[in-house]
Amino acid sequence: MTVDFTPHGGNIVSKNLPSNGYHHNFVKLATIKNIAVSSCNIDINIEKNSWHLDFCLKQSETLTGVLLNPTCPNFEEIMYYASENVRFDSKHKWLIIEDNVILSNDSTFVNGNEDFDKPLYKETKYIDENEVVSIAVLNNLNLSVDADVTVSVKIDNSSYELYEVYNFGKTHNGTFVIERIGDWNIDKGLNISTAFKYYRRWDFRQMAFEMAVVMTPIPPVFEPQMILGSITDHRVSKISHTGATVLHEITGIHNFRYNYTVVDRWVGDYVKEHKAATNALYFREQDITPVLRLIPHHFDRYDVAAPAVSFIETRFYYRIPSQGVGKFENQFLRPLSPATWWCVIGVCGLCSFVLLLSAVVEQRPINVYYWYYSIFSVLALICQQFFEEFEDLRRVSEARKMTILVTGLSCLLIYNYYTSSVVSWLLNGPPPSINSLWELIDSPLQPIFEDVGYTYSWLQLPDYYYNRKKATAEDALKRKMNNLLKKGKTVIASMNEGIELVRQGGYAYHADTNAANERISRTFDQRELCDLDSLHSMERVSLYSCLQKNSPYKEFFCWSLARLQERGVLSWVHERTWSREVKCEGSSPRALALGGAAPAFIVLAAGFILGTVIMVLERIWWKYSAKNRKPVPKSDSEEWWST
């Protein structure tokens with residue numbers, strides 16, 4: 001026995017051709033038709049040498065065609081092996097030639113004991129399918145709706161009838177179908193239906209699909225209206241509601257139904273005992289789940305049906321802190337750059353030095369330290385004040401007057417620049433908010449997460465991130481949250497509880513924007529909306545319905561979703577299930593917080609303390625000097641005061 005196959009670029013495999021001469025002629029003819037054919041011997045024990053058959057049926061980038069004769073001694077073993085290894089799929093085209101069974105034109109097949117809905121022949125004579133070897137075997141195989149199996153039944157020596165054989169889902173107790181698709185004869189050649197095979201298999205005849213839906217926590221009793229109704233159960237997320245509603249619209253197109261299985265998260269660890277949507281798809285326990293985010297390193301475990309049925313975006317919602325000293329408050333002493341401050345110090349020093357020189361040159365008669373006068377004169381001008389002394393103003397030179405005038409003008413300009421910079425920054429700058437995940441971790445806000453499936457995946461799976469660009473920061477936040485969990489603190493809250501915590505202040509609540517906006521619009525007033533801010537966590541990404549890997553139903557769901565998108569059904573579902581973003585109307589004035597004004601109070605306190613210290617030192621110095629001071633005659637004292 002020989003097996004011909006085409007692992008590279010061909011599309012026909014021939015099995016058990018009648019003779020070596022026939023086999024040689026077939027290979028020669030296929031080569032002329034640009035069909036690559038190879039062969040291997042399978043006249044051996046298939047169980048011990050299954051690699052021969054596996055290599056024969058291996059599919060690469062192109063379709064593989066298989067040609068069989070059911071008289072082969074190992075025919076059943078080959079068919080069962082192909083069934084167990086999922087070789088009856090859309091990538092393998094099987095042609096089975098029944099040369100030993102001859103039917104007349106008034107004959108037809110029947111499926112078991114019931115007539116097929118669409119008669120293959122118009123006459124009334126029936127032949128039981130069990131009389132045909134290949135049909136009897138195919139009825140027991142794991143065929144599916146994408147199977148491409150054609151049985152050629154001999155009518156006479158020059159003509160054949162062609163039948164396609166498939167099942168809507170053997171594992172789903174689907175209907176086994178035998179349908180005539182054409183014929184071949186030596187005079188007219190091949191006459192076959194041009195309709196695409198999936199159009200001929202459009203009606204699934206109320207077959208049941210297994211759907212995994214996510215609810216947190218899992219309800220003791222599930223009803224479809226919990227996820228499909230206009231008012232969903234509080235345990236159903238918006239994205240699950242949207243995806244399930246879209247998939248429910250497809251049931252009317254293909255005439256099937258869903259059996260629902262409830263799990264508590266979307267992405268799992270691929271342990272069979274754990275309940276997760278991805279686990280159920282990977283172990284082929286469920287056929288489809290309404291929504292999943294595209295995670296590249298999971299693509300080899302399930303298939304994606306396009307186009308997208310929904311989208312998701314998550315944020316940390318919080319009220320802007322209005323108390324406490326920190327980097328989120330207004331920084332009162334930073335309107336000028338460091339270089340400007342050094343220039344101010346330099347100018348003040350220069351002015352003090354000039355005033356000191358002028359006082360020395362004037363040889364003032366009063367007993368006052370020159371440095372005392374120069375420094376406090378400049379300091380008073382900076383504070384928009386005037387430093388006075390008991391002196392004869394007639395003795396003040398024009399140089400001193402000019403120096404004080406220039407110093408006063410310079411200090412006035414610096415003061416105006418300072419105040420205008422502070423005011424413009426406070427008016428035009430954004431409110432103090434959190435701009436990164438690192439700032440959130442360092443802030444006094446307590447992060448709280450929505451009680452939803454992806455939160456548990458994020459906390460438990462080391463390779464699951466909301467945004468892989470922020471993986472390092474998310475790892476740090478995960479460790480913080482897990483430490484809080486170990487201490488018994490609450491880090492997960494329902495939507496109603498989480499938004500209420502945000503409204504009270506002191507918390508940053510991570511939630512889906514659509515569900516959060518709906519709740520915020522019902523509970524926040526205008527003042528609270530103006531205080532509300534958010535930090536992006538998961539950027540807006542599309543969500544897709546996902547199926548088992550190499551699912552035979554992927555083509556149907558892709559087609560149907562595309563039809564729903566073209567007809568506007570997806571847009572209609574989104575309009576019905578998605579809420580609008582809530583914003584602050586107008587603007588709300590924001591007072592300078594204690595953290596922003598703290599430097600002013602610090603300077604005041606430091607001045608009071610310094611003044612008290614100076615007063616104490618002066619009293620001590622005065623008492624010490626009084627002991628050593630000689631009494632002054634009264635006449636001399638009076639004369640001195642008069643002078």
Side-chain angles (χ1 to χ4, degrees), residues 3-4 11-18 26 57 63-83 87-112 114-123 125-168 170 174-186 189-198 200-201 552:
V3 176
D4 298 310
N11 62 352
I12 289 183
V13 174
S14 65
K15 293 183 176 11
N16 192 34
L17 298 176
F26 171 77
L57 297 176
L63 299 180
T64 298
V66 184
L67 177 63
L68 298 103
N69 191 323
T71 58
C72 167
N74 291 332
F75 173 75
E76 290 192 27
E77 288 82 351
I78 294 173
M79 300 300 285
Y80 282 110
Y81 178 85
S83 176
R87 302 300 185 182
F88 291 108
D89 54 13
S90 60
K91 299 177 181 179
H92 293 82
K93 292 181 175 293
W94 297 76
L95 177 59
I96 301 173
I97 301 177
E98 287 280 2
D99 282 333
N100 296 332
V101 179
I102 301 178
L103 303 180
S104 60
N105 287 332
D106 59 354
S107 303
T108 186
F109 286 131
V110 295
N111 294 314
E114 298 181 0
D115 297 345
F116 183 57
D117 293 342
K118 298 179 180 180
L120 306 179
Y121 291 89
K122 296 180 180 180
E123 302 298 332
K125 183 179 179 181
Y126 296 100
I127 296 178
D128 193 334
E129 63 188 28
N130 293 322
E131 296 180 6
V132 182
V133 175
S134 59
I135 298 299
V137 174
L138 289 170
N139 191 18
N140 296 322
L141 300 181
N142 184 21
L143 297 182
S144 191
V145 72
D146 67 334
D148 202 332
V149 180
T150 303
V151 178
S152 172
V153 181
K154 192 173 185 180
I155 302 300
D156 53 41
N157 291 329
S158 62
S159 60
Y160 290 83
E161 292 285 351
L162 303 178
Y163 300 88
E164 67 175 1
V165 181
Y166 63 94
N167 196 317
F168 284 103
K170 181 72 174 180
T175 306
F176 179 68
V177 179
I178 308 167
E179 186 174 5
R180 182 179 183 273
I181 58 171
D183 55 58
W184 179 90
N185 62 64
I186 196 170
L190 181 64
N191 178 28
I192 195 171
S193 173
T194 57
F196 194 33
K197 71 176 183 179
Y198 291 110
R200 299 194 299 267
R201 308 173 186 184

### Query
What's the verdict on side chain to side chain contact (heavy atoms under 4.5 Å, CB included) for F176 and V165, showing C-alpha distance, side-chain angles and the deciding distance?
CA-CA 8 Å; F176 179 68; V165 181; 3.3 Å; yes
### Task
Output the distance between atom OG (S152) and atom CG (L68), rounded to the nearest 0.5 Å.
12.5 Å
### Task
Starting at CG of N167, measure out to OG1 of T175 and round the result to the nearest 0.5 Å.
7.0 Å
### Query
Under a 4.5 Å cut-off applied to non-hydrogen side-chain atoms, are F88 and S144 in contact?
no
### Message
Please report the interatomic distance CD1(I181) to CD1(I192), rounded to the nearest 0.5 Å.
### Response
4.0 Å
### Query
Where do A147 and R201 come nearest, in terms of heavy atoms and distance?
O-NH1, 2.7 Å
### Message
Quick check for you: to the nearest 0.5 Å, what is the distance between W184 atom CH2 and I155 atom CD1?
### Response
12.5 Å
### Query
Shortest non-hydrogen contact from P552 to V145?
O-CG1, 3.6 Å
### Query
Which atom pair, heavy atoms only, marks the closest approach of L63 to S90?
CD2-O, 3.5 Å
### Message
How close do Y166 and L143 get, counting heavy atoms only, and between which atoms?
### Response
CA-CD1, 4.2 Å
### Summary
When L141, V137, N140 are each screened for side-chain contact (heavy atoms from CB on, under 4.5 Å) with E76, the one that passes is V137
#### Entry: From CG (L138) to OH (Y163), nearest 0.5 Å
14.5 Å
## Note on the structure
Across all chains, not counting sequence neighbours, the ring-ring contact (aromatic ring centres under 6.0 Å, His included) partners of Y80 are none
### Query
By side-chain contact (heavy atoms from CB on, under 4.5 Å), which residues pair with D183, not counting sequence neighbours?
E161, R180, N185, N191
### Task
Kindly give the heavy-atom pair with the smallest separation between E164 and R200, and that separation in Å.
OE1-NH2, 2.8 Å
### Query
Does atom CG of L190 have more than 12 heavy-atom neighbours from other groups under 6.0 Å away?
yes
### Message
For the OH atom of Y160 and the CG atom of L162, what is their distance to the nearest 0.5 Å?
### Response
10.5 Å
### Backbone N/O of H92 and side chain of R87: donor-acceptor pair under 3.5 Å
no
### Task
Just grab all the salt bridge (charged side-chain N to carboxylate O under 4.0 Å, His left out) pairs involving residues 139-153, residues at least two apart or on different chains.
K93-D148, D148-K197
### Heavy-atom side-chain proximity of M79 to V149 below 4.5 angstrom
no
